[in-house]
Amino acid sequence: MAAREAFRTGNRAKLDQLAPALVQHTLYPYVAYWRIRQRLDEVPAAEVRDMLAALADGPLSDRLRNDWLKSLGRRGQWDAFQTDQVGIRSEDIEVTCYAMQRGIANGDDEAMRRARTYWLRGRPLPTACNPVFDAAIRAGAISHVDIWGRVRLALQQGQVTLASGLNRYLPQKDALDAKALAQASGNPRLFLERKHAVGDRGDREVVMFALQRLARTAPQEAATRWRALAGAFSVEEREHVWGQLAHWATLRHDPEALAWFALAGKLTDAQLQWKARAALRLSRWDELLDTIESMGEGARAEPEWRYWKARALKVKGQRAAANALLAPLSTEHNFYGLLAGEELGDAIGPPAESYRPSESEIRAIAGVPAIRRALALYRLGLRFEGNREWAWAIGALDDRQLLAAAELARRNELWDRAINTAERTRAVHDFGLRYLAPFREQFRVYSAQHGLDEAWVFGLVRQESRFIADARSHAGASGLMQLMPATAQWVAGKLGMTSFRQTLVNDLDVNISLGTYYMRYVLDLLDNQPVLASAGYNAGPGRARAWRAEEEMEAAIYSETIPFNETRDYVKKVMSNATFYARMFGQRVVSLKERIGTIPPRASATDNK
């Protein structure tokens with residue numbers, strides 16, 4: 001750890017002083033990497049290649065190779081760059097841009113085509129990409145239409161600074177007004193109220209951006225303002241705006257969204273998926289089917305769209321075609337795989353027979369260098385680095401080896417690694433490892449105390465933290481049940497914990513006590529409906545309530561039309577987890593469809609609480 005700190009602070013002398021005593025340490029490869037990394041621009045190529053060979057059994061080889069290639073690219077040493085690029089497993093985008101620089105300099109048309117692909121991203125890219133883009137624009141590989149396409153992508157993703165920076169590629173008369181952009185971003189309503197005339201292309205793009213920003217919270221108002229302005233825009237621009245307004249209207253479950261989609265031009269796959277959700281929510285099965293058919297092959301292959309296509313076909317009386325989609329889907333261990341099996345009438349039974357790795361198989365996995373380093377890193381509390389080593393180690397394992405690695409993780413109480421590794425198997429499974437139930441006694445006590453279904457509690461915790469007791473999210477949620485500080489404080493008050501302090505939130509018993517109380521509170525608040533309560537636990541009870549419709553709704557439709565990507569995925573996984581845990585615990589057989597039930601209408605009595 002002292003060597004790591006010396007590297008972090010750039011103290012080469014200290015690092016060199018510590019290194020000799022660590023040569024035999026399991027984690028010495030990190031010390032070796034840190035030492036060469038600090039002097040990479042001055043190291044002979046032969047020394048770097050020797051180190052790459054020495055680090056070849058773990059992720060540090062890719063880190064060093066990316067670092068080295070960036071150094072070579074910055075210095076324009078293209079022969080060495082080409083030689084040492086071979087063998088990289090995970091390439092940094094900056095390295096990719098240096099590779100395109102080399103390709104374009106050598107007249108490689110493929111590099112030009114790749115440049116256009118990277119250009120059409122709405123996020124900022126490393127400065128190493130700029131010479132690539134400049135060359136591609138000069139050569140016409142990136143067209144004037146593509147330039148405006150990236151401007152729009154940047155604005156759609158709220159990247160105002162990037163959009164302004166693209167002015168250097170535009171004619172001066174069409175340039176975006178940075179001040180107007182800032183106004184449109186900060187207060188789109190006020191900007192549009194003051195906008196009485198529309199001018200050149202840049203001006204029109206800013207207006208379209210303001211409409212998009214307003215539509216995020218007030219799609220009907222945005223549509224009204226757009227109708228007053230649309231005459232000054234081209235057909236393509238009008239279709240683009242209607243697509244944007246429809247997309248944001250769908251996220252707010254506005255029933256007019258489908259009518260606005262009809263006014264739009266060619267839709268992206270993301271827009272088509274939201275159009276499909278709008279049709280699903282309104283039970284427009286023909287429109288749902290047509291929309292799914294319009295998606296790209298990748299989107300159509302996702303479990304949700306295979307399932308809902310099958311359901312739409314069943315509504316149309318095409319049962320054979322529907323079952324042909326449901327049969328392969330029913331073999332997948334996920335939310336829609338379970339629902340597909342139930343649509344086919346599959347019997348719900350106990351978990352399938354599991355494969356148990358032998359002690360020799362587990363010892364073989366324990367001897368893998370990357371696994372040994374991962375375990376050492378976990379012992380030091382370096383979870384991020386440990387996870388990288390673990391991922392590298394299991395990347396090419398077969399099913400039996402994966403289960404041996406999962407069992408090794410379980411024995412080391414690395415619950416998340418055990419679950420994630422067991423989930424990777426394709427044909428040979430162990431559901432006991434996929435659905436581990438650590439700390440079951442504590443969970444059983446608190447679940448019973450609050451009258452909660454133990455399988456649902458485990459399903460939620462598995463999704464929240466993978467049973468990592470000290471887990472902490474980017475938003476600040478902590479512990480097994482990922483409690484936000486304010487929520488933990490509020491629940492502690494309800495439970496009469498007069499001596500509660502935030503440092504206690506990672507205590508196992510305290511966290512489970514607080515979390516299960518809050519689950520019960522949310523469940524009571526939301527009609528005792530587990531799908532609503534799962535959504536409320538993740539995104540807040542108010543949002544879960546607001547996402548309901550005016551009429552009773554199938555819970556699977558509610559789940560699929562949740563507007564937050566994270567919460568939508570979360571709810572489906574929590575509920576399918578609960579189904580698998582119920583089987584593991586030997587509970588009464590309940591189908592997923594029965595478990596999730598229906599969603600009561602928005603006008604429920606609890607809305608007045």
Side-chain angles (χ1 to χ4, degrees), residues 272-273 275-295 297-352 423 426-427 429 431 434-435 453 455-456 459 529-532 534-535 549 551-562 568-584 587-600:
L272 285 167
Q273 290 182 64
K275 182 182 178 184
R277 292 186 181 105
L280 176 62
R281 196 170 173 93
L282 295 173
S283 298
R284 303 266 193 89
W285 296 102
D286 285 339
E287 193 160 359
L288 171 64
L289 193 57
D290 290 343
T291 304
I292 294 172
E293 289 298 327
S294 299
M295 295 176 188
E297 184 178 350
R300 289 200 310 273
E302 291 297 322
E304 56 264 45
W305 303 124
R306 285 184 283 150
Y307 176 78
W308 290 115
K309 180 179 178 180
R311 288 283 303 275
L313 289 169
K314 285 185 75 172
V315 170
K316 292 171 67 67
Q318 299 178 33
R319 183 171 294 275
N323 289 347
L325 288 169
L326 293 170
L329 180 57
S330 69
T331 66
E332 299 178 19
H333 307 296
N334 55 45
F335 184 80
Y336 284 113
L338 290 169
L339 289 178
E342 292 169 12
E343 285 289 328
L344 292 169
D346 292 350
I348 302 171
E423 274 195 326
R426 295 164 287 278
H429 308 298
F431 284 87
R434 284 194 182 204
Y435 295 94
D453 172 18
W456 178 51
Q529 214 297 336
V531 167
L532 283 176
S534 298
E551 300 174 350
E552 186 177 72
M553 177 183 293
E554 184 180 335
I557 294 177
Y558 173 91
S559 301
E560 188 53 54
T561 57
I562 290 172
R568 185 171 63 256
D569 181 65
Y570 174 92
V571 168
K572 290 187 283 190
K573 286 181 176 174
V574 167
M575 298 314 300
S576 57
N577 289 348
T579 303
F580 284 114
Y581 274 116
R583 294 185 191 180
M584 298 294 300
Q587 292 183 359
R588 181 178 69 86
V589 173
V590 177
S591 69
L592 175 59
K593 192 167 185 177
E594 181 183 351
R595 179 176 291 279
I596 62 178
T598 57
I599 304 299

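Because the structure is a prediction, the values reported are computed rather than measured.
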Assess the residue pair Arg583 and Tyr435 against the criterion (side-chain contact (heavy atoms from CB on, under 4.5 Å)); give the C-alpha distance rounded to whole Å, side-chain angles, the decisive distance to 0.1 Å, and a yes or no.
CA-CA 10 Å; Arg583 294 185 191 180; Tyr435 295 94; over 6 Å; no

Minimum-distance pair of heavy atoms, taken over all atoms of Ala556 and Tyr336
O-OH, 4.3 Å

CG of Leu338 to NZ of Lys572, rounded to nearest 0.5 Å, is 13.0 Å

Is Glu560 salt-bridged to Arg281, cutoff N-O under 4.0 Å?
no

Below 4.5 Å, heavy atoms only, C-beta onward: do Asp346 and Ser330 meet side chain to side chain?
yes

What pair of heavy atoms forms the shortest contact from Ser576 to Lys573, and how long is it?
OG-O, 3.2 Å

Supply the atom-to-atom distance Asp286 CG to Thr291 OG1, rounded to the nearest 0.5 angstrom.
10.5 Å

Please tell me if the side chains of Leu532 and Pro600 come closer than 4.5 Å, counting only heavy atoms from C-beta onward.
yes

Does the side-chain contact (heavy atoms from CB on, under 4.5 Å) test come out yes or no for Leu325 and Tyr307, once each step is laid out?
CA-CA 7 Å; Leu325 288 169; Tyr307 176 78; over 6 Å; no

I'd like to know if Arg306 and Glu332 make a salt bridge, using a cut-off of under 4.0 Å between side-chain N and carboxylate O.
yes

Nearest heavy-atom approach of Ala310 to Ala322 is O-CB, 3.3 Å

For residues Leu288 and Arg311, determine if any side-chain heavy atom of one lies less than 4.5 Å from a side-chain heavy atom of the other.
no

Supply the atom-to-atom distance Gln273 CD to Leu280 CG, rounded to the nearest 0.5 angstrom.
12.5 Å

Fit a plane to each ring of Phe431 and Phe580, take the angle between them on a 0 to 90° scale, and name the class: parallel (under 30°), tilted (30 to 60°) or perpendicular (over 60°).
parallel

Listed by chain and number, what are the salt bridge (Lys or Arg N to Asp or Glu O under 4.0 Å) partners of Lys275, not counting sequence neighbours?
none

Mind listing the closest non-hydrogen atom pair of Ala455 and Ala582 along with its distance?
CB-N, 3.6 Å

From CG (Leu339) to CG (Asn334), nearest 0.5 Å
9.0 Å

Once side-chain hydrogen bond (donor to acceptor under 3.5 Å, both in side chains) is applied, do any residues pair with Glu293, and if so which ones, sequence neighbours excluded?
Lys309

I need the Ile599 CD1 to Gln529 CD distance, nearest 0.5 Å.
3.5 Å

Is there side-chain contact between Leu289 and Trp308, with heavy atoms separated by less than 4.5 Å?
no

Before you tell me yes or no, could you show the steps for Phe335 and Ile596 under side-chain contact (heavy atoms from CB on, under 4.5 Å), namely the whole-Å CA-CA distance, both residues' side-chain angles and the distance that decides it to 0.1 Å?
CA-CA 11 Å; Phe335 184 80; Ile596 62 178; 4.2 Å; yes

Assess whether side-chain contact (heavy atoms from CB on, under 4.5 Å) is satisfied between Met575 and Ser534, documenting all intermediate values.
CA-CA 8 Å; Met575 298 314 300; Ser534 298; 3.7 Å; yes

Find out whether Arg568 and Arg277 are in side-chain contact, i.e. whether some heavy atom of one side chain is under 4.5 Å from a heavy atom of the other.
yes

Contacts of Arg434 meeting side-chain hydrogen bond (donor to acceptor under 3.5 Å, both in side chains) (sequence neighbours excluded), chain-then-number -> Thr425, His429

Can you establish whether the number of heavy atoms outside Glu423 located under 6.0 Å from its atom CD is more than 12?
yes

Shortest non-hydrogen contact from Ser559 to Val531?
OG-CG1, 3.5 Å

Donor-acceptor pair, distance only, cut-off 3.5 Å: does the side chain of Ser294 make one with the backbone of Asp290?
yes

State the CD-NZ distance between Glu343 and Lys314, to the nearest 0.5 angstrom.
4.0 Å

